[in-house]
Enquirer: 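Sharing a structure, written as structure tokens. Questions coming.
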Amino acid sequence: MHISRDGEPCYVEIFRRWQGPVVVDGGDDQELLPEPVRALLEEHGFVEQQQPPAYRWFELPPDLSEQEENARATRALAALTGAGYRVAFDPDLNFVGETRN
């Protein structure tokens, strides 16, 4: 279990890092994210990163627009929570798509 930046227990935390990439934090070499979590993140375009010796995270590719990053982060949130995982989610990433009549 991961502790979010707000001090809440969760499996993963999805947030934008310092005006930079959208990242998912929650695993390291001592406690890897469960495979279903990893698969859902990869399905939504997140790529695993590693900084040895023990830090691992996922982030979206740098060539996406902010709108696309928000959309992917929101879809990943829905998939993870739908699978029963507790997720800390930065509300600034919440994507509200176009409404259709």
Enquirer: Between L93 and T74, what is the shortest heavy-atom contact and its length?
Expert: O-OG1, 3.2 Å
Enquirer: Got L64 and P61 here, is their nearest side-chain heavy-atom distance under 4.5 Å?
Expert: yes
Enquirer: Measuring only between side-chain heavy atoms, which start at C-beta, is I14 closer than 4.5 Å to V23?
Expert: no
Enquirer: Would you please name every residue forming a salt bridge (charged side-chain N to carboxylate O under 4.0 Å, His left out) with E68, sequence neighbours left out?
Expert: R72, R75
Enquirer: Can you pull the ring-ring contact (aromatic ring centres under 6.0 Å, His included) pairs that have at least one residue in residues 33-52, sequence neighbours excluded?
Expert: none
Enquirer: So which heavy atom on F89 is nearest to which on A73, and how close?
Expert: CE1-O, 3.5 Å
Enquirer: With sequence neighbours left out, what residues match Q49 under side chain to side chain contact (heavy atoms under 4.5 Å, CB included)?
Expert: V47, W57, E59
Enquirer: Which residue pairs satisfy the salt bridge (Lys or Arg N to Asp or Glu O under 4.0 Å) criterion with at least one member in residues 78-93, sequence neighbours excluded?
Expert: none
Enquirer: Just to verify, what does L40 make a side chain to side chain contact (heavy atoms under 4.5 Å, CB included) with, not counting sequence neighbours?
Expert: E43, A79, L80, A83
Enquirer: Do N70 and R16 have side chains that approach each other closer than 4.5 Å (heavy atoms only, starting at C-beta)?
Expert: yes
Enquirer: So, using ring-ring contact (aromatic ring centres under 6.0 Å, His included) as the criterion, who are the partners of F15 when residues are at least two apart?
Expert: none
Enquirer: Considering the options V37, V22, D25, L33, which one meets the side chain to side chain contact (heavy atoms under 4.5 Å, CB included) requirement together with F58?
Expert: L33
